[in-house]
Visitor: 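Pasting in a structure now, in structure tokens, and then I'll have a few things to ask.
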Amino acid sequence: MNGLWSPRVLGAWRVPSAGPVILAVNHSHAIDGPILMGTAPRPVHFLIKKEAFVGPLGPFLRGIGQLEVDRSGTDRTAVTGALGILERGGVLGIFPEGTRGEGDFSALRAGLAYFAVRSGAPVVPVAVLGSTERRGRLITALPPLRGRVDVVFGDAFEAGDGSGRRTRTALDEATVRIQDRLTAHLENARRLTGRAG
């Protein structure tokens, strides 16, 4: 990532140095995940749509510990794999919106809350900013080569209410808490980096 773009990483010290953690990342461009994997202070395992596991990219993604997920329904294999990463004290990366969009955390799905409440792992919000601001001249689908992309890590927080409940209501409440924290982090990250919303 450092060879192609100029990532500026802020707040990486906020990621716990050991134990399970979930990185909740906004997602507006295809390079957001690779940028985070290349700049995070710990190895990150992402849930990635199964459509990306084609050709030589499939074995490569599996080889670096990424998890294939079928988004057409509940993929129990992917869920079990993700929980296993957290049980082993690893880092799980999740795009809470489920797919690329505006990258503003406006449409969270329940998956992040489920993993956070079920595992008890703290959530670290991450804002990747600058990946969609300009297009490259050589490859217009990508940001300009050597262009700056900011990766801003926020403070870790617990998504659950401390009760240990895993009911639908508890997950709904956790989703609201998560959305509030992620939205606030994104606003702070934009101010800190001087990037418009």
Visitor: Go through the steps for V15 and L23 under the test side-chain contact (heavy atoms from CB on, under 4.5 Å), then give the verdict.
Guide: CA-CA 9 Å; V15 178; L23 301 183; 4.3 Å; yes

Visitor: Do L83 and R118 have side-chain heavy atoms sitting under 4.5 Å apart?
Guide: yes

Visitor: In Å, rounded to the nearest 0.5 Å, how long is the span from CG of L186 to CZ of R195?
Guide: 12.0 Å

Visitor: Which atoms form the tightest heavy-atom contact between Q66 and V44, and what is the distance?
Guide: NE2-O, 3.1 Å

Visitor: Measure the CD-OG1 distance between E173 and T167 for me, rounded to the nearest 0.5 Å.
Guide: 7.0 Å

Visitor: List the steps, then state whether side-chain contact (heavy atoms from CB on, under 4.5 Å) holds for L112 with L182.
Guide: CA-CA 12 Å; L112 172 56; L182 297 184; 4.2 Å; yes

Visitor: Find out whether F157 and I178 are in side-chain contact, i.e. whether some heavy atom of one side chain is under 4.5 Å from a heavy atom of the other.
Guide: yes

Visitor: Where is the tightest heavy-atom contact between P122 and P20, given as atom of each residue plus distance?
Guide: CD-O, 3.2 Å

Visitor: Side chains of W13 and P41: closer than 4.5 Å at any heavy-atom pair?
Guide: no

Visitor: Kindly give the heavy-atom pair with the smallest separation between A121 and L86, and that separation in Å.
Guide: CB-CD2, 4.1 Å

Visitor: With heavy-atom distances below 4.5 Å as the criterion, would you say the side chains of I22 and V124 are in contact?
Guide: no

Visitor: Quick check against the 3.5 Å criterion: does H185 have a side-chain atom that pairs as donor or acceptor with the backbone of D180?
Guide: no

Visitor: Per the side chain to side chain contact (heavy atoms under 4.5 Å, CB included) rule, which among L36, L129, V128 passes with V149?
Guide: V128

Visitor: Are P16 and V91 close enough that some pair of their side-chain heavy atoms sits under 4.5 Å apart?
Guide: no

Visitor: Are V176 and V123 linked, directly or through intermediate hydrophobic residues, by side-chain heavy-atom contacts shorter than 4.5 Å (ILVMFWY only)?
Guide: no

Visitor: I need the minimum non-hydrogen distance between A52 and L61, along with the two atoms involved.
Guide: O-CD1, 3.9 Å

Visitor: Does a side-chain heavy-atom distance below 4.5 Å link V79 with Y114?
Guide: yes

Visitor: Please examine the side chains of L10 and F153, heavy atoms only from C-beta on, and report whether any two atoms are closer than 4.5 Å.
Guide: no

Visitor: I need the minimum non-hydrogen distance between G120 and E158, along with the two atoms involved.
Guide: O-OE1, 3.3 Å

Visitor: Using modelled atom types and a 3.5 Å cut-off, is there a donor and acceptor pairing between side-chain atoms of R88 and backbone atoms of G84?
Guide: yes

Visitor: Might you point out which heavy atoms bring E68 and A78 nearest each other, and give the distance in Å?
Guide: O-CB, 3.5 Å

Visitor: Would you compute the distance between atom CZ of R8 and atom CG of D150 and round it to the nearest 0.5 angstrom?
Guide: 4.0 Å

Visitor: Please report the C-alpha distance between I85 and F115 in whole Å, then the side-chain angles of each, then the deciding distance to 0.1 Å, and finally whether the side-chain contact (heavy atoms from CB on, under 4.5 Å) criterion is met.
Guide: CA-CA 11 Å; I85 286 167; F115 287 120; over 6 Å; no

Visitor: Could you give the distance from OG1 (T175) to CG (L171), rounded to the nearest 0.5 Å?
Guide: 6.5 Å

Visitor: side-chain contact (heavy atoms from CB on, under 4.5 Å) for F46 and V25? Distances and angles first, verdict last.
Guide: CA-CA 10 Å; F46 269 99; V25 190; 4.1 Å; yes

Visitor: Is there a donor-acceptor pair under 3.5 Å between the side chain of D70 and the backbone N or O of D75?
Guide: no

Visitor: Measure the spacing between CG of L67 and CG of L47 and express it to the nearest 0.5 Å.
Guide: 5.5 Å

Visitor: State, with a plain yes or no, whether a side-chain heavy atom of V152 is found less than 4.5 Å away from one of L192.
Guide: yes

